[in-house]
Structures are given as structure tokens and as C-alpha cells.
Number of protein chains: 2
Amino acid sequence: MKKRASTVCPIVYALDIWGDPWSLVILRDVLIHNKRHYREFLASRERISTNILSARLQSLVEAGLLIKIEGESNRAQTMYRPTQKALDLFPVIFAIMHWGLKYNPNTDMSIPIMQELKADEKGLEQRLLRNFDDVAT
Amino acid sequence: MKKRASTVCPIVYALDIWGDPWSLVILRDVLIHNKRHYREFLASRERISTNILSARLQSLVEAGLLIKIEGESNRAQTMYRPTQKALDLFPVIFAIMHWGLKYNPNTDMSIPIMQELKADEKGLEQRLLRNFDDVAT
DNA sequence: TGCTAGTGATTGCAAAACGCAAGTACAGAG
DNA sequence: CTCTGTACTTGCGTTTTGCAATCACTAGCA
């Protein structure tokens, strides 16, 4: 993707940061499924490959959506956590989920979060936000 | 982008359709700026190239987001209009705009729609929807 | 001490997608 | 019957993916 540098349009600004087919999958894992380790992202159903995961994590850190927390003397402790800028994507992700829910006939409605999204979106957001008390303002 | 065929996740479903860096720009032009002709999409600030525009329009038609209306005996009359499936993306686009507005310091707030989005989003959506009475159910 | 497994990446290479410029086919204007 | 405008398509070089293999390091175990 060509970086469009500075844009006057908020949509293009957003797309330049996470408008590729993988970044939002990672952010979904962070925000919805509370994943934080490289190995957890790799384990997703979508089977992202290691080099792409590595590149995306890095660009999301650079864009200020994730912070990388490295353990001392052990790489296995490395984790990625969202910033407030990422937490503010909840409305976007929920809007996308509503749309996908409406049009994707293969959606797995047995996943608890799907029910919750329809029944009580605000409550769901509040519950998920509590996973990030450490980073939220 | 690899087509992930059938997915159980509504987000991945959505990304497979418009999760590339250009499709949403086109949809923005259709939904927000009421563009309908090839030449109008080409004129956007983002300078999409002709082959990519052509390919994206085609894939959005295939995905059921746009319909292509061809004039009889004159290609200059060809136009692209959104389906209900595309109109249902308004909440997604508005959510993205809110986020971009918050974090993009270069947003041009003198564009009237930006003010309107903050002041009266629902009213804005209703007003824009009236552009599509011909296609909406 | 050595061996094995797990983790967070990086590298190499083929395949796909993109970006740009040029060209094509057709309609209407003059 | 040229000239302009429009909706594409084609060629081609560059960039970005996708996949497998590999690396560097740590911990666990004997």
C-alpha cells in the first residue's frame, strides 16, 4: 500500500493505518479476544504468516495503536497491548461486526460475543474495556 | 489479497469484501459524495489509477455492494449505484470518520460534512440516504 | 553439561497485486 | 471527418504477499 502521507480525509487517514486486510484482524484479537502474545496471534483461525504478523505489529506500534512490552532477558514475555487510540476503535469494530453479522450467512452465532453484541453492545464494550485498565486513561 | 473464502467471523467477512486500501475510498465517494461515474472516482484527491479503479468497481459489483447501470449505446452514461448492502455501511463509515477526526490533525474541518457529522450524525445519514431513494428498499 | 522444545522473529524466493503510462473502442460536437 | 471525452484494457517494472526454512535465545529436563 502506498502511504498517502498527509490527508485531509479522516477515512483515508484511518485506512493508511489499518486499512490492509490484516491489521484489523490483529486489532480484533487484541481488543475482543484479549490476546497479547505473538504466538496467540499466530494461532488465529485466519493463519497469518510470521513475516506479515511481524511487519503489522511493528507498523501498529509505529502508528501508536499498540505498545510493545518486552520482558527482561526473555523474549517469551514480549506482549502487545492497545493504547487509547486502539481502544477508540471499538465503535468501528462493532459497526463492522453488525454489518458482517447481517450479511455473512456463515457467521458462527454460537460464539457468545455475537449474542452479546446484538443484545447489549454498550455493556459488551464496558466489559471488554475492563481488560485494559492498565493502559486506559 | 487472499480470499479467505468462507469465514465464521463477521469482521473477516467484511474485510474480504472491502478490506483493501481502495474499496472504502470508492464507497466513501459513492455514499458521502454521491459520485456515480468512473470519471468522478478518478478525480478524487487520492488519485486512484484506472486499472485499479476498474478492478475495484468490478469486485464491488460482484460482492453485491454496487450495481452497474449501463446506458444504451453510450458508455459515458455508465454509472455505479449502491445497493442496500452498501447503504448499510453508513454506520461503519461514520464510526471510521469519528475516529479519524479525533486522531488526524490534518482533517479539513472546513468541509461542511465534518461539522455535520459531529453535530447531527443521524440527520446527516437521513439526508444522505435520500440520495438513494432509487435503490433503497 | 548437553538435548529438546518453545518463542519471537528474519530471510529467500516465487507469486500476486499495485502504479504508471500508453493505447483502444466508441459516442457526440463541430 | 477530425477532435475531445469517456470507460476501460494492456504492458511492464516495482512492491507487497505467502510460504517454508532458518536463526537466536530461553527454559526445562536429565
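Sequence lines set the chain letters: A, B, ... in the order given, protein chains first and strands last, and positions in each chain run from 1. Note that this is a predicted model, so its numbers are computed, not measured.
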For the side chain of [X] and the backbone of [Y], is there at least one donor-acceptor N/O pair under 3.5 Å apart?
X	Y	result
A/Ser44	A/Glu46	no
B/Thr107	A/Pro10	no
B/Lys68	B/Leu57	no

For the pair made of [atom1] in [X] and [atom2] in [N], what is the distance, rounded to whole Å?
X	N	atom1	atom2	value
A/Glu40	C/dA9	CD	P	13 Å
B/Asp20	C/dA16	CG	P	18 Å
A/Ile52	C/dA9	CD1	C1'	14 Å
B/Leu53	C/dC18	CG	C1'	14 Å
B/Ile48	C/dG19	CD1	P	8 Å
B/Arg47	C/dC20	CZ	C1'	12 Å
B/Phe41	D/dT6	CZ	P	14 Å
A/Trp22	C/dA17	CH2	P	14 Å

For B/Arg127, does the CZ atom have more than 12 heavy-atom neighbours from other residues, nucleotides or ligands under 6.0 Å away?
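It does: B/Arg127 CZ has more than 12 such atoms within range.
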I'd like to know whether CD of B/Gln58 has more than 12 heavy-atom contacts from other residues, nucleotides or ligands below 6.0 angstrom.
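For B/Gln58, atom CD is not crowded (no more than 12 foreign heavy atoms under 6.0 Å).
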Check the interface with nucleotides 2-5 of chain D: list each N/O to N/O pair with the protein under 3.5 Å, or write none.
none

side-chain N/O B/Arg56 vs C/dC18 OP1/OP2, d < 4.0 Å
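Affirmative; the distance criterion is met.
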Kindly state each residue pair satisfying side chain to side chain donor-acceptor pair (under 3.5 Å) with at least one member in residues 88-99 of chain A, sequence neighbours excluded.
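Every pair satisfying side chain to side chain donor-acceptor pair (under 3.5 Å) with a residue in residues 88-99 of chain A: A/Gln84-A/Asp88, A/Asp88-B/Lys102, A/Asp88-B/Tyr103, A/His98-A/Glu121.
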Of the candidate nucleotides D/dA7, C/dG8, C/dA27, which contains the atom at the shortest distance from the side chain of B/Asn74?
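In terms of side-chain proximity for B/Asn74, the closest of D/dA7, C/dG8, C/dA27 is C/dA27.
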Could you tell me if B/Arg56 and B/Asn51 have a donor-acceptor pair between their side chains, going purely by distance under 3.5 Å?
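Distance-only check fails for B/Asn51 and B/Arg56.
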Taking C-beta and beyond as the side chain, do B/Val30 and B/Phe41 meet within less than 4.5 Å on heavy atoms?
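Result yes, sub-4.5 Å side-chain heavy-atom pair found.
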With a 4.5 Å cut-off on side-chain heavy atoms, are A/Ile93 and A/Leu24 touching?
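SC-SC contact between A/Leu24 and A/Ile93 confirmed.
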Restricting to nitrogen or oxygen on both sides, can you table the protein-nucleotides 8-11 of chain D pairs closer than 3.5 Å?
{"unit_1": "D/dC8", "atom_1": "OP1", "unit_2": "B/Lys68", "atom_2": "NZ", "d": "3.0"}
{"unit_1": "D/dC8", "atom_1": "OP2", "unit_2": "B/Tyr80", "atom_2": "OH", "d": "2.9"}
{"unit_1": "D/dT9", "atom_1": "OP2", "unit_2": "B/Ser54", "atom_2": "OG", "d": "2.9"}
{"unit_1": "D/dT9", "atom_1": "O4", "unit_2": "B/Thr50", "atom_2": "OG1", "d": "2.8"}

